[in-house]
Amino acid sequence: MTEDDGEERFVFRPIGHVESPYVERVDAPRQAVVSEVEGRIRLDPSLEDALDGLEAWSHLWVVFVFHHNPSWRPKVLPPRSDKRRGVLATRSPHRPNPIGLSVVRLLRVEGATLHVRELDMLDGTPVLDIKPYVPYADALVEANDGWLRQPDPGPSWHVTLAPLADEQLTFLADLDVDLRPSLEAALRLGPKPHAYRRIRRRGDRHELALKEWRVIFIPRESDEAILVEAIASGYRPRQIAEAETKGLLAAHRAFTDRWGHAPR
């Protein structure tokens, strides 16, 4: 603890970091329990003795830093709200102090490394603390749902890939651009545009932006089904041509050489 102009300030150092398949913020699920993704929490080797007995617990609280979120606003638009709310009345990752709290399933402990599942943290996330999840104290059945109209049911829409989209995704995966997990995770939440998901109408179709790629799909409200028709590059031909001289956007050039700049 330090003092600056009479104000108390607390300085924390990470005790470890997360190894996760999620690299970009858009990749990570909104809640860890909807994910079966596995990862590791590598703690400082000096903490190995501090983990004695941890293997007895099935779940852990992980206190971490939202290290990609340096700014915040007093009001935000949560994914399951139709109006803006005070940030402290939400679980937004953009907070006055960028501290996160997630529950993960502990698979095993190897030295100072925790193998976990149901992960929602980004690769490289700094970890501040680990605590056991204690069901009788941490799962309060009498707690209400606040301003949520109903508990979050998790992903419910069924996503199907048209043959063209499936072929294009396989082609991109061979170029080390694997859009399939992010695409399915985003669309299983439905076609409604939101500040956290870049979706817009395109005539009788919808378009989802995944980083610099575009996903063209058709939603069917009657049975909550989505058909992904095609994938397209988000760059214009001139941008790809200019970037090619610098050795950039190679995947986009290979993709557009085969399928053009607009979905068929």
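- Between Val228 and Ala165 the shortest heavy-atom distance is O-CB, 3.5 Å.
- By the neighbour-count criterion of 12 heavy atoms within 6.0 Å, atom CG of Asp49 is sparsely surrounded, having that number or fewer from other residues, nucleotides or ligands.
- Note that CD1 of Ile218 and CG of Leu227 are 5.5 Å apart. Values are rounded to the nearest 0.5 Å.
- Ile240 and Tyr235 make their closest contact through CG1-CB, 3.7 Å (heavy atoms, listed as atom of the first residue, atom of the second, distance).
- Test Arg253, His252, His261 against Ser233 for side-chain hydrogen bond (donor to acceptor under 3.5 Å, both in side chains) and you get one pass: His252.
- Put simply, the side chain of Trp147 never gets that close to the backbone of Thr90: no donor and acceptor are under 3.5 Å apart.
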| task | Just do the side chain to side chain donor-acceptor pair (under 3.5 Å) check on Trp61 and Asp138 with the steps written out, would you? | result | CA-CA 10 Å; Trp61 286 110; Asp138 297 341; 2.8 Å; yes
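- To the nearest 0.5 Å, atoms CD1 (Ile231) and CH2 (Trp213) are separated by 9.0 Å.
- In this structure, Arg85 CZ and Ser92 OG are separated by 14.0 Å, a value rounded to the nearest 0.5 Å.
- Proximity of Arg73 to His94: side-chain heavy atoms (C-beta onward) are nowhere separated by under 4.5 Å.
- In plain terms, the two heavy atoms of Pro191 and Glu221 that are nearest each other are CG-OE2, 4.1 Å.
- Checked by atom type and distance alone, the side chain of Arg201 pairs as donor or acceptor with a backbone atom of Gly203 at under 3.5 Å.
- The structure places CD of Glu55 at 10.5 Å from CG of Leu114, a figure rounded to the nearest 0.5 Å.
- Counting only distance, with no hydrogens or angles, the side chain of Glu184 and the backbone of Pro181 share no donor-acceptor pair below 3.5 Å.
- Every residue meeting the side-chain hydrogen bond (donor to acceptor under 3.5 Å, both in side chains) condition with Arg200, not counting sequence neighbours, appears here in chain and number order: Glu207.
- Considering every non-hydrogen atom in both Val87 and Pro96, the closest pair reads CG1-CD, 4.3 Å.
- Evaluated for a side-chain hydrogen bond (donor to acceptor under 3.5 Å, both in side chains) with Arg42, the options His17, Glu110, Glu19 yield exactly one hit, Glu19.
- The CD1 atom of Ile216 sits 11.0 Å away from atom NE2 of His206, with the distance rounded to the nearest 0.5 Å.
- A donor-acceptor pair under 3.5 Å is formed between the side chain of Asn69 and the backbone N or O of Pro93.
- Taking CG of Leu43 as the reference point, atom CG of Asp129 lies at 10.0 Å (rounded to 0.5 Å).
- Proximity of Arg117 to Val104: side-chain heavy atoms (C-beta onward) are nowhere separated by under 4.5 Å.
- Minimum interatomic distance between Ala209 and Arg214 (heavy atoms only, all atoms of both residues): CB-NH1, 3.6 Å.
- No side-chain heavy atom of His158 sits under 4.5 Å from any side-chain heavy atom of Arg188.
- Judged by distance alone, with hydrogens and angles left aside, the side-chain atoms of Thr170 form a donor-acceptor pair with the main-chain N or O of Asp166 at under 3.5 Å.
- With a 4.5 Å cut-off on side-chain heavy atoms, Asp178 and Asp176 do not count as touching.
- Ion pairing between Glu38 and Arg105 fails under the 4.0 Å rule for side-chain N and carboxylate O.
- A donor-acceptor pair under 3.5 Å links the side-chain atoms of Asp44 to the main chain of Ser46, judged by distance alone.
- Using a 4.5 Å heavy-atom cutoff, the side chains of Leu208 and Phe217 are in contact.
- Residues Arg180 and Leu161 have side chains in contact (heavy-atom distance under 4.5 Å, counting atoms from C-beta outward).
- Looking at residues two or more places apart in sequence or on another chain, you find no ring-ring contact (aromatic ring centres under 6.0 Å, His included) involving Trp72.
- More than 12 heavy-atom neighbours from other residues, nucleotides or ligands sit within 6.0 angstrom of CG on Asp257.
- Using a 4.5 Å heavy-atom cutoff, the side chains of Ser58 and Tyr133 are not in contact.
- Take Phe64 and apply the ring-ring contact (aromatic ring centres under 6.0 Å, His included) test, not counting sequence neighbours, and it matches Phe66.
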| Does the pair Leu106 and His59 meet the rule for a side chain to side chain contact (heavy atoms under 4.5 Å, CB included), with working shown? | CA-CA 5 Å; Leu106 178 63; His59 291 75; over 6 Å; no
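- Contact check for Leu107 versus Val116: no side-chain heavy atoms found under the 4.5 Å cut-off.
- Summarising the geometry of Trp157 relative to Ile226, their closest heavy-atom pair is CE3-CG1, 3.5 Å, with the distance given to 0.1 Å.
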